[in-house]
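Comments concern the structure below.
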Amino acid sequence: MTQPCFLPSPPQVTLATIAALLAAALAAPAQAQVVNGDFSAGLSGWDTAGDASVGIARGADPTRLWLATASTAYADDIDYGFGTAGARKLSGNAAVEVGPGTPAALEGFTGVGPGAFDPVPGVVAAYEGSAAKQSYNAAAGSTLQFRWDFGTLDPRADTAFVVIDGQVTTLASSIDATLPGTDGNAARTGWTNFGYTFANAGLHTISFGVVHVGDYDATSTLAIAGVNVSAVPEAPPLVLVMAGLALPGFKSRRRS
């Protein structure tokens, strides 16, 4: 005798459950994006320290951030054909001092400890530099992306960096600049892509910067473009799919 076959009942999903899921998903905070990450509005949305500008460098694209180590008081590039003080500054501001005891130390601006920009702490030190920063909310799993190009007159050890939530990552130093320079630089690295994925949701801070290392001579620059945070999948579409799968079972129960 053939045994009867009993199919499992559909899950008990009520309209109230579906409504609650939709309400929770729709109430989730929207993912914030970097403000003015293409720099089309100049420095709007960015805090800066030192020599920071947009579209001021020689032949500069107006949608790139430019940071430099140039002084306004000293002829720091006299050995490279720039005989006047501040000849290579990109804005009207001088580079900021690096190190403990300085009134506006670059470490304090970027949220790192003293000596964080020294290649060899206690032996090889950073002297001065410039930076730009911004804080924003980002979801877990979202990715920060930008492009950068480091240029220099210094053949030794000047450095470009990014600071993400207090962690310093070196982008390049003078020895990495192996391409012919532009914008008054003797050499440059060329445009390079950078990506970083956030493990946790919340408020994040990013800082870009460039520093003199070992002395105050020979200006270096850092160009930044296309700063953005990629989105992660939103919850509402998933909830709508769940609701769509549940409704046939709900209707079937009503007919029975």
Side-chain angles (χ1 to χ4, degrees), residues 43 46-54 56-58 60 65-134 148-163 166-177 181 183-189 205-224:
L43 291 172
W46 296 89
D47 294 323
T48 62
D51 188 8
S53 64
V54 172
I56 295 179
R58 301 163 183 82
L65 168 68
W66 298 85
L67 302 166
T69 60
S71 168
T72 57
Y74 303 99
D76 41 12
D77 296 313
I78 191 170
D79 294 338
Y80 300 89
F82 298 91
T84 60
R88 296 204 62 219
K89 69 178 182 297
L90 304 180
S91 68
N93 301 316
V96 174
E97 289 291 320
V98 174
T102 54
L106 203 64
E107 295 98 329
F109 176 79
T110 55
V112 299
F117 302 131
D118 297 346
V120 184
V123 179
V124 181
Y127 279 57
E128 65 180 353
S130 301
K133 69 178 180 180
Q134 185 175 142
W148 61 271
D149 184 15
F150 171 75
T152 187
L153 283 175
D154 192 327
R156 296 178 292 275
D158 285 2
T159 301
F161 61 84
V162 58
V163 180
Q167 298 297 314
V168 180
T169 297
T170 298
L171 298 174
S173 63
S174 294
I175 60 174
D176 301 311
D183 306 308
N185 291 306
R188 59 191 281 257
T189 57
T205 300
I206 180 173
S207 306
F208 308 105
V210 59
V211 290
H212 270 315
V213 172
D215 54 38
Y216 288 98
D217 297 329
T219 298
S220 294
T221 64
L222 174 64
I224 299 290

inquiry  = Can you tell whether the side chains of Arg188 and Asp149 come within less than 4.0 Å, N to carboxylate O?
reply    =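 Yes, this pair counts.
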Basic-acidic side-chain contact under 4.0 Å: Asp51, Arg88 =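 Looking at Asp51 and Arg88, the cut-off is not met.
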Treating [X] as the side-chain partner and [Y] as the backbone partner, does any N or O pair qualify as donor plus acceptor under 3.5 Å?
{"X": "Ser174", "Y": "Asp158", "answer": "yes"}
{"X": "Asp76", "Y": "Ala218", "answer": "no"}
{"X": "Thr159", "Y": "Ala157", "answer": "yes"}
{"X": "Ser130", "Y": "Thr69", "answer": "no"}

task = Please check if any side-chain donor atom of Thr152 sits under 3.5 Å from a side-chain acceptor atom of Asn185, or the reverse.
result =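 Result is no, nothing qualifies.
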inquiry  = For Tyr74 and Tyr216, I'd like to know if the aromatic rings sit close, meaning centre-to-centre distance below 6.0 Å.
reply    =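 No, they do not, as the ring centres are separated by 6.0 Å or more.
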task = Would you mind telling me which of Val124, Asp215, Val213 makes a side-chain contact (heavy atoms from CB on, under 4.5 Å) with Arg156?
result =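 Result: among Val124, Asp215, Val213, Asp215 is the only option passing the side-chain contact (heavy atoms from CB on, under 4.5 Å) with Arg156.
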ask   = Between Glu107 and Val98, is a side chain to side chain contact (heavy atoms under 4.5 Å, CB included) present by the stated rule, with each step listed?
value = CA-CA 7 Å; Glu107 295 98 329; Val98 174; 3.2 Å; yes
query = Can the positive tip of Lys133 be found less than 6.0 Å from the middle of the six-membered ring of Phe208, inside 45° of the ring normal?
reply =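 Here Lys133 fails the 6.0 Å and 45° test against Phe208.
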request  = Supply the atom-to-atom distance Thr221 OG1 to Trp66 CH2, rounded to the nearest 0.5 angstrom.
outcome  =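 It is 6.5 Å, given to the nearest 0.5 Å.
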key: Separation between CZ of Phe161 and CZ of Phe150, rounded to the nearest 0.5 Å   =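 It comes to 11.5 Å.
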task = Can you see which heavy atom on Ala125 is nearest to which on Asp118, and at what distance?
result =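 Between these two residues, the closest heavy atoms are CA-OD1, 3.5 Å.
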